[in-house]
Amino acid sequence: MANSYFQFKQFTVEQDLAGMKVGTDGVLLGAWATCNHAKTILDVGTGTGLIALMCAQRNNVAQVDAIEIEGKACIQAKKNVKNSPWRERIEVIHDSLQNYSKICSKKYDLIISNPPFFNNSLKNNCQQKSLARHTDSLNYIDLIKGAKQLLSDNGVFSVVLPFDVKDTFEEMAMSNQVFLNRILKVKPTPSKQEKRILMELSLQKQTLKEEVMIVEEFGRHGYSDSYKKLTQDFYIKF
């Protein structure tokens, strides 16, 4: 059973109410996304509020908005934000991206999302986990269109996805005039294939930058130098 909280260096994430707990995907994305120069940040599907909190830690001036469709997770995120050092700069909003993109007039310099990624698979009996994990609540096309609607002219859109949907997602994005600029391919170990991909997109075409990261390079819990360097501002063990 997952712990009811996860302790980071500068904040704590309570996670007993949320369908999706703190995991490597969210931490990697929150640490990797380009956020230093953003004045406005939107976290789509914030869950526990993890990525919103990471962005607020990394950028000490940005206003961070975090939307979440699931009620209990939204309550959890609000609690975690309230107990953080950045409560004045983060607002948690109970809404879907589909609706929020229609009613919001604000433009964001960074839109970031660890979206639902189980597609056409068996549903979990827990409604919270199903909402968090299945693309029924937020499919890739809606995610791309919503991000495009809310993105500032020079803003970036960052997302973490299963590696095997990379080409499909890129094709969907390009068909909506959203272009892939930077990727990080994530391998669990040196001998395993890429499992996740972190993607940065924008409204501007740029030369694609590609990197590869191994998480556990030296056996179980033997983390690579690149993984430790990327996440060292957050994980207590680094």
Are [X] and [Y] connected, step by step, through hydrophobic side chains (Ile, Leu, Val, Met, Phe, Trp, Tyr) whose heavy atoms are closer than 4.5 Å?
X: Phe238; Y: Val22; answer: yes
X: Phe179; Y: Leu184; answer: no
X: Val81; Y: Val13; answer: yes
X: Leu150; Y: Ile51; answer: no
X: Met20; Y: Leu198; answer: no

Compare every heavy atom of [Y] with every heavy atom of [X], then report the nearest pair and how far apart it is.
X: Lys229; Y: Gln232; answer: O-CG, 3.4 Å
X: Ala77; Y: Gly47; answer: CB-O, 3.4 Å
X: Ser202; Y: Leu151; answer: CA-CD2, 4.3 Å
X: Ala52; Y: Asp43; answer: N-OD2, 3.3 Å
X: Lys187; Y: Lys192; answer: CE-O, 2.7 Å
X: Leu161; Y: Val165; answer: CB-CG2, 3.8 Å

Would you say the side chain of [Y] lies within less than 4.5 Å of the side chain of [X], judging by non-hydrogen atoms?
X: Pro188; Y: Glu216; result: no
X: Leu53; Y: Phe8; result: no
X: Gln98; Y: Leu138; result: yes
X: Leu180; Y: Lys166; result: yes
X: Thr12; Y: Asn83; result: no
X: Gln149; Y: Lys107; result: yes
X: Val27; Y: Met54; result: yes
X: Leu203; Y: Val178; result: yes

Looking only at side-chain N and O atoms, does [Y] offer a donor or acceptor that is under 3.5 Å from a partner on [X]?
X: Thr40; Y: Gln63; answer: no
X: Asn80; Y: Gln15; answer: no
X: Arg196; Y: Thr24; answer: no

Supply the atom-to-atom distance [X] [atom1] to [Y] [atom2], rounded to the nearest 0.5 angstrom.
X: Asp109; Y: Asp153; atom1: CG; atom2: CG; answer: 10.0 Å
X: Gln204; Y: Gln177; atom1: CD; atom2: CD; answer: 11.0 Å
X: Glu68; Y: Thr46; atom1: CD; atom2: OG1; answer: 7.0 Å
X: Leu50; Y: Lys21; atom1: CG; atom2: NZ; answer: 13.0 Å
X: Phe157; Y: Asn181; atom1: CZ; atom2: CG; answer: 12.5 Å
X: Ile183; Y: Trp32; atom1: CD1; atom2: CH2; answer: 8.5 Å

Evaluate side chain to side chain contact (heavy atoms under 4.5 Å, CB included) for Tyr100 paired with Ile93, printing each intermediate quantity in order. CA-CA 9 Å; Tyr100 188 73; Ile93 302 162; 3.8 Å; yes
So does [Y] get a backbone contact from the side chain of [X], meaning a donor-acceptor N/O pair under 3.5 Å?
X: Glu200; Y: Ser158; value: no
X: His94; Y: Ile67; value: no
X: Gln76; Y: Asp16; value: yes
X: Arg87; Y: Ser84; value: yes
X: Ser226; Y: Met213; value: no
X: Lys79; Y: Glu14; value: no
X: Ser152; Y: Gly155; value: yes
X: Arg89; Y: Val64; value: no
X: Ser113; Y: Val44; value: yes
X: Gln57; Y: Asp233; value: yes

Stepwise side chain to side chain contact (heavy atoms under 4.5 Å, CB included) test for Phe169 and Ile144: CA-CA 9 Å; Phe169 193 86; Ile144 292 164; 3.6 Å; yes
Could you please spell out the steps behind the side chain to side chain contact (heavy atoms under 4.5 Å, CB included) verdict for Leu230 and Tyr235? CA-CA 10 Å; Leu230 183 63; Tyr235 282 137; over 6 Å; no
Can you tell me if [X] has over 12 outside heavy atoms packed within less than 6.0 Å of its [atom1]?
X: Lys102; atom1: NZ; result: no
X: Tyr5; atom1: OH; result: no
X: Lys106; atom1: NZ; result: yes

Does Leu17 form a side chain to side chain contact (heavy atoms under 4.5 Å, CB included) with Ile75? I'd like the steps, not just the answer. CA-CA 8 Å; Leu17 298 179; Ile75 292 170; 4.1 Å; yes
